[in-house]
Amino acid sequence: MILIGLIPLLWLFFSFGDEDAKPRICEPTKLESLDWEEFKWLYKQQDSTFSGDSVAHYIFIRINPDGSRETREVTTLHQPWTELLASEIDSFEIKRDSLIKRIHPPYRLKYTSTTRNKKQQLALQKKGFSKAFISFHNFGLAADGAIYRKGRYLKRGMIYDQYGYKAKEIGMYWGGDFVGFPDPGHIQAFLNSASLIQKYPEVALEYEPFKNAYERNYFKKVDLGREELVEDSRDLLTELNKLRENKPCACSQAIPFPASASDLQLKPYTITVLANLREDYIFIQKGSYGYFYSTGRWKLD
């Protein structure tokens with residue numbers, strides 16, 4: 001009887017964890033205000049395919065409830081990560097380089113990959129060499145080490161366990177501890193992406209375009225009863241949901257072209273995001289075209 005009584009309690013415990021990671025929906029609602037930082041999130045949340053490499057400017061246009069019009073132009077959507085995370089990067093690099101001296105002959109440690117750009121990371125993810133759409137490598141907070149013995153590269157062996165132990169000893173996290181996708185050559189500065197976002201919420205902006213993909217992967221494993229393989233994804237989704245809760249959004253279903261937007265002009269190498277708070281719609285450019293959406297706020301489905 002005691003065991004039977006515990007089953008509902010256990011179900012509730014695990015269901016709360018799933019609820020924290022459960023997708024939020026954009027509930028249509030009128031927005032009385034929208035600040036310039038929120039424009040960035042509106043764009044990132046709606047666009048997961050367009051590459052910003054050729055974008056020279058972002059133009060944010062806000063039509064207020066009283067009909068007044070304001071425009072702001074920016075060249076980047078975020079503070080450069082090398083500035084925001086400068087102290088973390090410096091600390092990691094010192095630890096990373098000191099680890100080389102902790103691997104003694106006849107073994108030699110060499111780093112084969114440190115900082116990557118987004119295209120490189122996505123290419124590795126598509127080939128199955130990484131499970132992450134955004135990696136600590138993108139922020140300069142990870143490195144992949146290769147260990148050699150007498151000039152011969154070792155793919156595995158107890159030496160990597162020693163490498164991982166020494167890395168953790170000086171405050172880093174080791175890829176050999178990853179569940180489901182062990183990576184014994186990998187070291188990083190934070191336990192997982194959720195930990196990074198908790199300390200630097202601005203970084204979540206980079207994860208937003210891939211939130212739907214992380215949700216698909218996570219709930220697919222949950223449905224198979226393999227939650228233990230995607231705990232990091234659960235934590236990441238939980239943090240992203242916390243930042244979304246009750247924040248402005250562009251509802252997912254596109255709406256017809258509003259007559260009041262007939263004068264909207266798109267420029268080459270420029271992304272335009274327009275929010276009309278008087279008529280409750282948002283326009284988000286994607287490449288050389290764009291879509292209109294109803295205004296809303298994020299809510300638990």
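Remember, it's a predicted structure, so these values are computed and weren't measured experimentally.
- Applying the 6.0 Å contact sphere to NZ of Lys267 captures no more than 12 heavy atoms from other residues, nucleotides or ligands.
- When all heavy atoms of Ser113 and His137 are compared, the pair lying nearest together is O-CE1, 3.7 Å.
- For an aromatic pair to be called close, the ring centres must be under 6.0 Å apart, and His186 with Phe136 fails this.
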- Message: As a quick check of understanding, evaluate side chain to side chain contact (heavy atoms under 4.5 Å, CB included) for Asp35 and Phe39, giving each step before the final call.
- Response: CA-CA 7 Å; Asp35 67 41; Phe39 267 92; over 6 Å; no
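- One hydrophobic cluster holds both Ile284 and Leu34 under the rule that ILVMFWY side chains link at heavy-atom gaps under 4.5 Å.
- At a cut-off of 3.5 Å, with distance as the only test, a side-chain donor of Gln45 or Trp298 sits close to an acceptor on the other residue.
- Contact check on Lys166 versus Glu169 returns no salt bridge, with no Lys/Arg side-chain nitrogen under 4.0 Å from an Asp/Glu carboxylate oxygen.
- In this structure, a donor-acceptor pair under 3.5 Å is present between the side chains of Asn241 and Lys211.
- Remark: side-chain polar atoms of Gln188 are paired, donor with acceptor, to backbone N or O of Leu191 under 3.5 angstrom.
- Here the CG atom belonging to Asp280 is positioned 4.0 Å from the NZ atom belonging to Lys30, to the nearest 0.5 angstrom.
- When the shell of 6.0 Å around OH of Tyr289 is examined, it contains 12 or fewer heavy atoms from other residues, nucleotides or ligands.
- Remark: the backbone N or O of Thr272 is paired with a side-chain donor or acceptor of Gln285 at under 3.5 angstrom.
- For the pair Leu243 and Trp41, the tightest heavy-atom approach, listed with the atom from each and the gap, is CD1-CH2, 4.5 Å.
- Taking hydrophobic clusters as Ile, Leu, Val, Met, Phe, Trp and Tyr residues chained together by side-chain heavy-atom distances below 4.5 Å, Tyr291 does not share a cluster with Leu264.
- Between the side chain of Asn64 and the main chain of Gly67, no donor-acceptor pair closer than 3.5 Å is present.
- No donor-acceptor pair under 3.5 Å is formed between the side chain of Tyr281 and the backbone N or O of Ile255.
- Atom CD1 in Ile134 sits 8.5 Å away from atom OG in Ser193 (nearest 0.5 Å).
- Side-chain N or O atoms of Thr295 include one that pairs as donor or acceptor with a backbone N or O of Thr29 at under 3.5 Å.
- In this view, Cys26 and Cys249 satisfy the disulfide bond (SG atoms under 2.5 Å apart) rule, not counting sequence neighbours.
- A salt bridge is absent between Asp20 and Arg234; no separation between the charged side-chain nitrogens and carboxylate oxygens falls under 4.0 Å.
- Side chain of Lys168 to main chain of Trp174: no donor-acceptor pair is present (N/O by atom type, distance under 3.5 Å, no hydrogens or angles).
- Electrostatic pairing of Arg244 and Glu208 counts as a salt bridge here, judged by a charged N lying under 4.0 Å from a carboxylate O.
- The heavy-atom pair separating Gln121 from Ala132 by the smallest distance is NE2-O, 2.9 Å.
- Side-chain contact check for Arg108 versus Ile147: every heavy-atom pair is 4.5 Å or farther apart.
- Counting only distance, with no hydrogens or angles, the side chain of Tyr160 and the backbone of Leu154 share a donor-acceptor pair below 3.5 Å.
- Across every non-hydrogen atom of Gln120 and Thr115, the tightest pair is OE1-O, 4.5 Å.
- Side chains of Ser195 and Asn192: a donor-acceptor N/O pair is present below 3.5 angstrom, by distance only.
- The distance from the NZ atom of Lys101 to the CD1 atom of Ile103 is 13.5 Å, given to the nearest 0.5 Å.
- Within the 4.5 Å cutoff, no side-chain heavy atoms of Phe283 are placed close to those of Pro258.
- None of Glu32, Glu70, Glu38 except one satisfies the salt bridge (charged side-chain N to carboxylate O under 4.0 Å, His left out) rule with Arg62; the exception is Glu70.
- With rounding to the nearest 0.5 angstrom, the CG atom of Asp161 is 4.5 Å from the CE atom of Met158.
- Aromatic rings from Tyr173 and Phe190 are positioned such that their centres are separated by 6.0 Å or more.
- Taken together through direct or relayed side-chain contacts under 4.5 Å among Ile, Leu, Val, Met, Phe, Trp and Tyr, Leu266 and Tyr43 form parts of separate hydrophobic clusters.
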TODO: Start with the C-alpha gap between Ile61 and Arg69, add the side-chain angles, then the distance that decides, and say whether side chain to side chain contact (heavy atoms under 4.5 Å, CB included) holds.
DONE: CA-CA 7 Å; Ile61 303 169; Arg69 184 186 185 101; 3.8 Å; yes
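- Glu279 and Ser260 share a donor-acceptor pair across their side chains, judged by distance under 3.5 Å alone.
- Following chains of ILVMFWY side-chain contacts shorter than 4.5 Å, one cannot reach Ile282 starting from Ile63, and the two form parts of different hydrophobic clusters.
- A side-chain donor-acceptor contact under 3.5 Å links Tyr200 and Glu88.
- The aromatic ring centres of Phe133 and Tyr214 sit less than 6.0 Å apart.
- Residues in residues 245-258 take part in these salt bridge (Lys or Arg N to Asp or Glu O under 4.0 Å) pairs, two or more places apart or across chains: Arg24-Glu245.
- Neither Ile94 nor Ile187 shares a network with the other; the hydrophobic side chains, linked directly or stepwise wherever heavy atoms of I, L, V, M, F, W or Y lie under 4.5 Å apart, form separate groups for each.
- Within the 3.5 Å criterion, the main-chain N or O of Thr76 finds no donor-acceptor partner in the side chain of Tyr58.
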Between Ile59 and Ile271, does a side chain to side chain contact (heavy atoms under 4.5 Å, CB included) hold up when you go through it step by step? CA-CA 6 Å; Ile59 296 177; Ile271 289 295; over 6 Å; no
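- In this structure, the side chains of Leu99 and Arg96 stay at 4.5 Å or more apart for every pair of heavy atoms.
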May I have the step-by-step check of side chain to side chain contact (heavy atoms under 4.5 Å, CB included) for Tyr111 and Ile100, ending in yes or no? CA-CA 9 Å; Tyr111 292 114; Ile100 293 176; 3.5 Å; yes
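- Looking at heavy atoms from C-beta onward, Leu205 lies in side-chain contact with Lys40 at the 4.5 angstrom threshold.
- The heavy-atom pair separating Pro256 from Phe292 by the smallest distance is O-CB, 4.3 Å.
- Environment of OH in Tyr165: sparse, with no more than 12 heavy atoms of neighbouring residues, nucleotides or ligands closer than 6.0 Å.
- Asn138 and Lys118 form no side-chain donor-acceptor contact under 3.5 Å, judged by distance and modelled atom types alone.
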Exercise for the section: Kindly determine whether Arg226 and Glu228 satisfy salt bridge (Lys or Arg N to Asp or Glu O under 4.0 Å), including the steps that lead there. Expected result: CA-CA 5 Å; Arg226 302 304 304 274; Glu228 75 280 1; 2.6 Å; yes
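- The heavy-atom pair separating Ala21 from Tyr218 by the smallest distance is CB-CE2, 3.9 Å.
- Under the 3.5 Å distance criterion, with hydrogens and angles disregarded, no donor-acceptor pair is assigned to the side chains of Tyr293 and Ser252.
- Distance check: Leu122 CG to Arg116 CZ gives 11.0 Å after rounding to the nearest 0.5 Å.
- Relative to the six-membered ring of Phe60, Arg72 misses at least one condition, a distance below 6.0 Å or an angle of at most 45° to the axis.
- How far NZ of Lys44 is from OH of Tyr207: 12.0 Å, rounded to the nearest 0.5 Å.
- The closest donor-acceptor contact from the side chain of Thr270 to the backbone of Pro268 lies under 3.5 Å.
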